[in-house]
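What follows is a set of notes on a single structure, which appears directly below.
Everything numeric in this text was worked out from a predicted model, so none of it was measured.
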Amino acid sequence: MGLRTHRLVWVTTTRAYNGRVSVTTRLQKNGRGPFFYTTWRAGLLWCCLLGEDMMPAQPTGGMHAGGGGLDGGYFETRRLPTPSCFNRHSRVRKYEDELQKCRLDGASLDLSDYHPLKPITVTDTKSQRGRRKGSTSSSSSSSSSVAPDPLSSMLDGTDPLSMFAAASDLGRRRKEREEEVGADFEPWSAKRAEILARFTTTERLSIGCLFFFFFSPGKVTSPTSAVSEKVRTRLEELDDLEEGSQKELLNLSQQDYINRIEELNQSLKEAWATDQKVKALKIVIQCSKLLSDTSVIQFYPSKFVLITDILDTFGRLVYERIWSMCSDPHPLPETFSAEDVNDTAKETCLNWFFKIASIRELIPRLYVEAAIFKCNRFLSRSGIQDTLPRLTSMIRGIGDPLVAVYARAYLCRVREISMNYALLLNSVMSAFRAEFVATRATDFIGMIKECDEAGFPKHLLFSSLGRSLASADPPENERLPILNEAWKVITKVRSPQDYINCADIWVEFTCRHFTKREVNTVLADIIKHMTPDRAFEEAYPQLQSVIRKILTYIHDFSVLFSMERFLPFMDMFQKDSVRVEVCRSIIDVFIKHQQEPTRDPVILNALLHVCKTMHDSVNALTLEDEKRSLALLINGFIRMVSFGRDFEQQLSFCVEARATFCNLEPVIIQLIHACAAYSFITIPSLTSFFSRLNLYLLSGQVALANQCLSQADAFLKAAVGILPEVPRNIVIEGKQRSSEGFLLDFICNFLSTLLVVPDHPEQGVLYLVRGLLNMVQDYTWEENSDAKVRVYINAIPLLAAVSQESYLYSIPKVDSNETLYGGDPKFIAEVNKLCETLIGQVLDHLKGLGRDESIRKQGSLAFALFGCLLAHGDLRNTKLNQLAVNLWNLSHKHGYCDTRTSVRTLEHIKQQAQHSDMVHLSDMITRLSLQSRA
């Protein structure tokens, strides 16, 4: 009649279930395969073991392996507690139905089987066969994305065609003038000859991807040909161009290469002269592509000179053509403006820009547009100024640094012809690396001073310089003179919008390199310029940028709030939405960079005012996400406030915060967190064990009611942890009394709370219940006491309740295990196993009482277990039904059971058997008999 034993190991797995975390614990044999229950000898039923002479000896031992404590947070076993002959199943409880049945005039409700917490299965079918090519119909559609053009970002999201079309309406009118060239200026013709003579090569060169078509004779269309013949010839030219574009001229010497380029230049002029504008444009495009080839790097400067000669020729031809269209009836003056250009010339000019903008490759598009850069004068007064930054930004898309440098050089050369010195200087500061500009900042300031204000405003030049200095540091001894020189110009700007645009840039330089004194001076100057006529209302983005830059470099809030002009600067944000956004940014920086809790009254008062501004913005129309976001920021501030051991000050702050932030529930919960933390620290100092236990439980219940799950978990764990320390006797009114009754009442109250406590995602199934039962097992109870078994019997209704689909009670906004597990069969199986363990322990104890002849106590416990199975067990299970009958018989065997209680129990069973879902009780009633002592 032995029992085959194995080493049992609890294995816990965590998985996602129905959008939530599900934890499953299972038994395994020897830590490997699934555990199989031990086989008992044939014909031996556990229900027969209740007899005094039929109960075999059982292996003894505790209910867990490895000693007491939480030990991973779940209830462990080290032997098979119960055979498989009566696998314990909880009866499915419908609490609403039961409540209706207890009412006199109640009407039964037809409850649906649907439950919103049940797992939802979504079937996603995708048809793989029979789908048409290009079809987008599918039960799960996927969007195809095209890789973005990295060069399009240079245009800041603007369509180049639309930008050219709207160019005539952009900018303010400025007076154009030609900058006179100094006497020491080296002309391009001399520089060109020097480059060609200096940069030579003996390597063989090639001209790839072009030009067979351009050297073929007989392809020029006569201007006197018919229109149809001209169109046909054009199409043939395009076909020839496509064929020729795939061929290369290889193994050319340097002189051959130069000759070929000269021939292309001549072909360009001939095509233009014969009105073949498309062919001329294609020649220029193909020549520009050659500048992307740096295979013979020592010859690249000469190649650049040769190709730019063709580009210059093309630009001159286009400019002269548009100029000639404006000469009727009177020629344009040299200092003409866009208003002097007729509509036909403007349309032709725009058409050229549109054609160039449609070039797909970056380098030819950049060079060809730069070649006709001067034609922007025909479109608008500010056309050149507006186009220049865009072309400069386009160069950043060139990956080869050598090609990019020469592209900048060509852009500077064509701009030198078209623009004044100030604009050229601005472009240099914008295009060159910030480090280059920063190390020569003093020299650039000297050049800015020499610029004419009429040609290009100096504050724009200082804006460009400030952008470079915000990214790179100038020499330390030059920083203060640079700031003084720049601010002399900035503070004289009369337009508030121009002023704040420039000041916003230089605020970052000031914050990077100077103290709060200089920053405070800058803020005072901004307030002085932006306050008159409420000019700040039109500059909220720039003012917000100033705040962000200050917060980026000043993280010490005691320094920040000690600046006299910071809070007055904040007062300029009069618009509610902008003010709240600024307050959010301040609190966000405080939370990220405040290293230690603070009690500084200056910081607390200022940030309380900031948080109150955010809180007061909440109204009936505020979205829940916005409320949650604001509450998170305010909670972050509250967590960073600490008065150490000065609890009175801490309580005073919490009271003030409670009155200030009464409309945000998460903030109220955070304040409860603070009170809970105080309770958690203070409770261990109490001397009375039961006061500590009850306060731990009460604090945990309060924390649960306010959705403070981690705090509730800590309180309940602490309560379980001190159970073994409860003394067996306590002093009540000066007398020594047993603590067993008080401890039993506390544990029953504790068990009722555990029903609504959700499992921790990193712990096992019902880890708090298991931990409590571990402590009950380890506790030293009084001799001959049945308190431990009564705890086990009281734990069975809890386990039956947690296996229900819907719990009898719950806490609003707290997801209990009914939500986390959603009736998962594995979870139910774990609960049933734990129930079997407890029942096995109770039956072991009943067997021991039979040997000790404590028959009265045996009958009382057997009747208590019978009542538990009757109320919570699924007695449709034949073996469990038989176990209940045997418990009834055992409790009445010696006649010590209360007859009145037994009679009322039988009447209740008969009443329950009349319900359609409880008809199985009718058979059990016939086997329950009343016995009395002889």
Side-chain angles (χ1 to χ4, degrees), residues 160 164 207-225 227 229-247 249 257-292 303-326 344-376 378-379 410 414 417:
F164 283 127
I207 300 178
C209 301
L210 47 87
F211 310 136
F212 256 27
F213 163 70
F214 300 129
F215 303 132
S216 300
K219 294 294 182 179
V220 178
T221 303
S222 173
T224 61
S225 300
V227 175
E229 182 67 22
K230 185 175 182 180
V231 172
R232 183 165 55 253
T233 305
R234 284 286 181 90
L235 293 175
E236 292 174 357
E237 290 176 359
L238 294 176
D239 292 338
D240 291 342
L241 177 61
E242 291 299 324
E243 295 177 0
S245 64
Q246 304 301 322
K247 301 178 181 180
L249 296 178
Y257 189 93
I258 295 175
N259 294 337
R260 292 292 184 180
I261 297 299
E262 292 294 340
E263 290 177 8
L264 288 174
N265 198 356
Q266 188 62 32
S267 297
L268 169 65
K269 297 177 182 179
E270 293 176 359
W272 192 271
T274 56
D275 201 24
Q276 298 184 73
K277 305 297 189 301
V278 174
K279 178 179 178 181
L281 179 60
K282 289 182 179 292
I283 293 174
V284 175
I285 293 172
Q286 296 296 333
C287 289
S288 301
K289 289 182 180 180
L290 295 176
L291 292 176
S292 61
K303 181 199 293 187
F304 171 79
V305 170
L306 297 171
I307 300 300
T308 53
D309 283 347
I310 298 177
L311 291 170
D312 292 342
T313 301
F314 177 75
R316 176 177 53 80
L317 292 172
V318 174
Y319 186 85
E320 291 177 352
R321 172 175 170 76
I322 300 174
W323 177 279
S324 64
M325 297 176 67
C326 301
T344 303
K346 285 185 178 181
E347 184 178 355
T348 303
C349 183
L350 282 173
N351 187 42
W352 276 108
F353 280 109
F354 291 159
K355 289 179 180 179
I356 294 170
S358 64
I359 300 173
R360 287 176 296 179
E361 297 185 38
L362 172 62
I363 292 178
R365 184 170 72 248
L366 172 67
Y367 272 103
V368 177
E369 185 175 352
I372 65 169
F373 180 75
K374 190 177 180 181
C375 295
N376 282 282
F378 296 109
L379 299 177
Y410 183 68
V414 297
I417 301 172

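For the pair Gly315 and Ile372, the tightest heavy-atom approach, listed with the atom from each and the gap, is CA-CG2, 4.1 Å. For the residue pair Leu379 and Lys346, the shortest heavy atom distance occurs at CD2-O, 4.0 Å. Taking both residues in full, the closest heavy atoms of Leu311 and Ser288 are given as CD2-OG, 3.4 Å, listed atom of the first, atom of the second, then distance.
Residues passing the salt bridge (charged side-chain N to carboxylate O under 4.0 Å, His left out) test with Glu320 are Arg316, sequence neighbours excluded. For Trp352, the ring pair (Phe, Tyr, Trp, His ring centres under 6.0 Å) test picks out Trp272, Phe314, with sequence neighbours left out. Residues forming a side-chain contact (heavy atoms from CB on, under 4.5 Å) with Asn259 (at least two apart in sequence, or on another chain): Gln255, Asp256. For Glu270, the side-chain contact (heavy atoms from CB on, under 4.5 Å) criterion is met by Gln266, not counting sequence neighbours. When the ring pair (Phe, Tyr, Trp, His ring centres under 6.0 Å) test is applied to Phe378, the partners found at least two apart in sequence or on another chain are Tyr319, Phe336.
Between Ile356 and Ile359, the closest side-chain pair of non-hydrogen atoms falls below 4.5 Å. With a 4.5 Å cut-off on side-chain heavy atoms, Arg365 and Ile285 do not count as touching. A 4.5 Å side-chain heavy-atom check between Leu281 and Val368 finds at least one atom pair inside the cut-off. Side-chain contact between Asn265 and Ile283 is absent, with no heavy-atom pair separated by less than 4.5 Å.
Between Tyr367 and Tyr410, the ring planes are tilted. Angles from 30° to 60° get that label.
Arg260 CZ to Glu263 CD: the interatomic distance, rounded to the nearest 0.5 Å, is 5.0 Å. In this structure, SG in Cys349 is found 11.5 Å from CZ in Arg321, a value given to the nearest 0.5 Å.
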